[in-house]
Amino acid sequence: MPRLLASALQLRRDPRILKLPPYVSLLCILVGVAWLFLLPLDQYSRRTYISENALLPGQVHTYFGGSDQNVFRAYKHEVNELAGKSNTDVNDKLEPIVKGLGLKTARQNFTYHAAGHTYSGENLYAILQAPRGDATEAIVLVAAWENVKHEINRNGIPLALTLLRYFKRWSLWSKDIILLITPDSIAGPQAWVDAYHDAHDPSRVSSLPLKSGLLQGAIAIDYTQETRFESVHIVYDGVNGQLPNLDLINSIVNIAGGQMGIGVALQEMWHHDNGYPDRLRTMLRGMLKQGLGLASGAHSSFIPYHVDAVTLRPFGDGWQDEMAMGRVVEGSFRSLNNLLEHLHQSFFFYLLMQRERFVSIGTYLPSAMLVAANFTIMAIALWVKTGQPAEGAAPKTKTETNTTTTTTTTTAERDLFLPLGVVALIQSLSIIPLYLFNHAPESTLTTLFIAFTALNTLLPQVLSHLLTTLPTTPTTPHQFNLIKSFSLLLLGMFLSTLATLNFSLALITGLLASPLSFLQPCQTRAGKVAATALLNAVSPTAVLLAGAAYWGTDVTSVLKEAAVAWQVCGTYSPVVVWCVWWPAWVAGGVVVLGGRPGTPRGVGNKEKMG
Amino acid sequence: MDAKVTPGRTAGLYAGAAVLRLAIFTLLPALPDLLTGRVEISTPVTSFKRLQEGLFLYNHNVSPYDGGVYHQAPLLLPLFSLLPSFTSLPIFTYLLYIAVDLLSAGALWRIADSGEAGSSALFTSPRREKRWSGFVVAAAFLLNPFTVATCIGRSTSVFTTCAILHAIAKAVSGAPFGAMVALSFASYLSMYPLLLLPPLVLLAYDRQRPERATKSALQFAAVSASTVAGVVGVLFQMSYLLTGSWEFLPSTYGVQLTLSDLTPNVGLWWYFFIEMFDSFRSFFLAVFWLHLSSYVGGLTVRIRRQPLVVLTLLLGIFAIFKPYPSISDMALFLALVPLHRHVFPLMRYTFVSAAVIMYATCLGPAFYHLWIYAGSGNANFFYAVTLVWNLGLSLLVCDLMFAVLRDEWEVERPEMAGKEIRQI
C-alpha cells in the first residue's frame, strides 16, 4: 500500500497528467450523451407500476353516462351560444348554471403585464363540499375556456359542468371538488393557484373569497375536438420542468387504457410502436419541453405548489364519445378521492418514453452530472496549470541525484485579483439582457435583439482588447487561463445545481456550452478567426435564432413567450440562459481572443490585433 | 497590495459598504424577509423573526420566553425596543445592523494593522512581509457575500461577531480589560465565545503594554477570568432585573446546551439528534459538547506562540461543530483568514475548499427547496449538502492549520524550507 501511494504521488508530478484533463472532459461529455441514448433500451428503462396502494385505479365501476348525455348536450348548447362573447359575459352565464347545481361559487380577477401586453381576465370557480369530508382536502377539475392554442374548449366546459352535476349526486366524496373555469390556460390557473396559496401579488391578482382545503390533485380537461376521439393525450409538464407524481399518470393510463380501453399518448406522439426510435423521440420531446420550462396547459401552474396535476386531451378519430372521456375523469377522481395522504410514493423525477416505460432520476441524472462535471474538471486542471511556474522556466531542475526526497513543491503565486474581477464583471453584466428581454414591450423586441446580437458579437473583442492594452502590466496567459477556470467553475457549479431542479435544462445548456471547455487562447490570426466563428455559432443568440427557425417561428415570439412565462409563471429558463450560459460564453470569448502571439513571432502582430 | 490608505479611501470603503447594504434593503424590499426566513442564515438562537416575537411579548409585558420561540439574550430586547418600531420605521433597524457591520470591520482593520498575524510576541514568521493592509482585510469582510447576506437577513449573530472582533482588537492593542469585557458581551449573547477565553487571555497577555504589564501569567489569567465572570454576572443580574426571573437562562443557554429546537441549519447536530433515540440523547449531547470544547485546550497549547491563529482556527471549528451554526459564523471565520495572508502560499487546497464551499452554497438552497417546497426531495438531501459544506469548511481549517504549522516548522528547521514533507 505505501508503495502504491508513493507511486501515485510520483505520478502526480508527471507532466503528462496535465495533458489528460481535456480528454477526460471530452470523455465525460461523450459518455453523458451516449448514456442518454441508452436509456430507451429495455435494460435501462423500467415498466411503470402503481406505488400508492390507496389509489386502486380502475377498481370502481363508473356510472357516468346514460341520461348525463342529455345534460351534456344541454350544457353544450349553452356553451356554444357563448362562443365569441367576452369573459365576463361567459362567467355571467355560467355562474347561475353552477349555482343552480347547489354549489358555492366565486370569481377572481387578475391582470398580468408582460412584454407590453396585458393579460387579464376573471376566473370562475365553484366548490362541491364533500359529503364525507371535513373540507381539509380538495381535488380540482380545471376547464379553461381556451386551451394553449387558443381553441375554445367546446366540449371540455360542458363536460366539466356535467361531471360536477353528476358528482353532486354521489355521497362518496371524502374530498371537496373544486371546479375551476379560467378564461385562458396559462394566466388564469396561475392567478388562481397563487391566490389559493396566498402567494399572489395583491396588486395584480385579487384574493380568493372562497377556499377549501389542501389541494391533493388537479385534472384539466382540454377537449376541443368536435368529433369522436380515439385516445387521450396526457400533458404532464409543469412550470420549470417540474413533474407531477408518476402515480397520477400511471393511474390515468391504467384507468383509460386498462378499464375503458382508450389509448393513451404522451408528448404528442400520436402513434407509438414502443420501438427504440419512438421511445427515444418521446423522451427527447419530454426533455425539450422540460428544459424550456414553459407552462404546457392549465395544469402546469399547479405543479410548483406540489399539487399533482395533468391535462387530458382527447385526440384522433375513433369511436369514443364525451361520456367515455367523462368516465376517465370520474375514475381518476375516484382514485384521487381514495388517497389517504398526498401522493408521495412514486417518482417526481422521471423521463417517460412510453406510457408504460420510464427511467427514474438515479438512472438518468449521471448524464447531466457528467456534462456538468466536464466543466469542473477543466476548471481544476486550468487552476493547477496556472500554478505551474511560467512556461519559460518549464524544464525543472530534476537532475539532482536523490529526486525522490527533494522534489520541490513550487507553486507559482497566482494573481487572482484581475481574473476574479473580470469574471465578476461579466457575471454582473448578465443582469442587463435578463432585465431588457423580460421587460421590453413586444414591439421593441426585434430591434433590441438585433442590437444585442451585434453588441454581443463585439463584447468579447472589446473586453479582450481592453484587457491586453489597459492594465499597466499586460494580462498574462496565466490570467486568461484563470478567467477561463473561474468561469468554467461557476458554469459547472450552476449546472450541477440546476440538474437537481431541472435535469433537461441543465443537460441542454451544458451541451450547448460544452465547446467552451475546449477553446484555448489562440495565438495566430487564423486561429482567432476560426475560433470566433465557432464561438458565435454556439452563442446564446445564435442558438435562439436557430431554434426559432427550426420550429418555424421568429425570435420575437420566442422572446415574448419567454417574457410572458417569466412574468406570469416565474419560469426561470431566461435566468439560466442570460445569467449562467451567457457569462460563460463571454468569458470564453475573452479567453480565446485574449491569447497573444507567441513570443518567437515577435510583437508585430500585437498592433494588428486591436 | 498597495498599503497606502488615505482617509478618503477608508471613508469610501465604509460608505460603499453602507450604501450597498442600504440599497439592498430599500431597493429589494422582499429580500430581507426572504433571507430572514432562510435556515442557512437564521438559526433558532439568532433569528430576527424570533427576536420580533420576543420583542412583541416584551413590549406587552409578557415574559418574552413564554411560547418557547425566543431563545436570545434578554438585553437585546430593550435595545430593539428603544429603536422606533420596525414595522413603521424599518430604516433605523437597518442602520443599526449596518453600523454593527462597520464597527466589526473597524475592529478587523485594527487587528490587521497591528501585524499580530505575522509576528506575535513569541514568533515571527519569515514570510510576514507578505500581508494585506487593514483596508483589504476590512474590504474582504464587508464585501463578502456571506457577511452581506447575514446583515440583510438581520441575524442577531452580527452582534456576537462584532463583540468577538472587538475583543480580539482590544487584546491586540494592549487593552486586556476591554478585551475581556467585549468577550463577556459575546459570551452573554451567544455563549460559545466563552470557549475563546484561553487563547484570548494568552493574546492579551502577550500584547500587554510594557509599562503596566503583569509579569505572572497565572495572575493575569486569574484577573482576566474574574473580569469575564464579573461582567457576565453583571449582565445576568441586569437581565434578571429586566425580565423579572431567571427563566432566560434555560431559554437561551439551555436551548444551546440541550438542542431542544431541532430546526434545520447548516450544522451537523440537528439531523443527528432527530435520528437519535431519546435514551442516548444526553450522552451524545455531552459527547458533542465535549468534542467542541476539546479543541480549545489542544490548539491553545500546540500553537501557543500565535494566539491569533488559535482564535481564527477555533472560530472556523465552531462554525462547523456549533449546535446552531449559520453562514454568519462562516463570515466571521472568513473575516479572520485574510489576516494570515503570509501563509497562503503554503496552503494546498484553497481552490478545492473554495470550490466545495461554493458548490455547497449553490446546492444547499436548491436541495432545501426540493425538500420543503417541491416535496420531491427529503431531509437527507439538505443534510447531505450541509455535510459537503462542512467538509469544505474543515478542509479550509485544516489547510490553514497545516500552513501555519509548516510556517513555524520552517523556522525551526530552515534546511527543510520548500521541501516536501512526508510522514515517516
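Below, chain A is the first sequence line, B the second, and so on; all start at residue 1.
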Lys/Arg-Asp/Glu bridge criterion (N-O < 4.0 Å) met for R406(B), E410(B):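 Salt bridge: yes.
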Please look at [X] and chain B and tell me whether the side chain, the backbone, both or neither of the residue comes under 4.5 angstrom of a heavy atom of that chain.
X: Y305(A); value: neither
X: L490(A); value: side chain
X: F494(A); value: side chain
X: S485(A); value: side chain

Interchain contact, L363(B) with chain A, by part (heavy-atom threshold 4.5 Å):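 Contact with chain A is through both the backbone and side chain of L363(B).
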Segment of Y359(B) engaging chain A (4.5 angstrom heavy-atom cut-off):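 Both backbone and side chain.
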Worked check of side chain to side chain donor-acceptor pair (under 3.5 Å) between N481(A) and T386(A): CA-CA 7 Å; N481(A) 275 333; T386(A) 55; over 6 Å; no
Student check: side-chain heavy atoms of V385(B) and F381(B) closer than 4.5 Å: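 The answer is no; the side chains never approach within 4.5 Å.
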Sub-4.5 Å side-chain heavy-atom contact between F367(B) and T386(B):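 No, side chains not in contact.
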Aromatic plane relationship, Y368(B) with W371(B) - under 30° parallel, 30 to 60° tilted, over 60° perpendicular: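 The rings of W371(B) and Y368(B) stand perpendicular, inter-plane angle above 60°.
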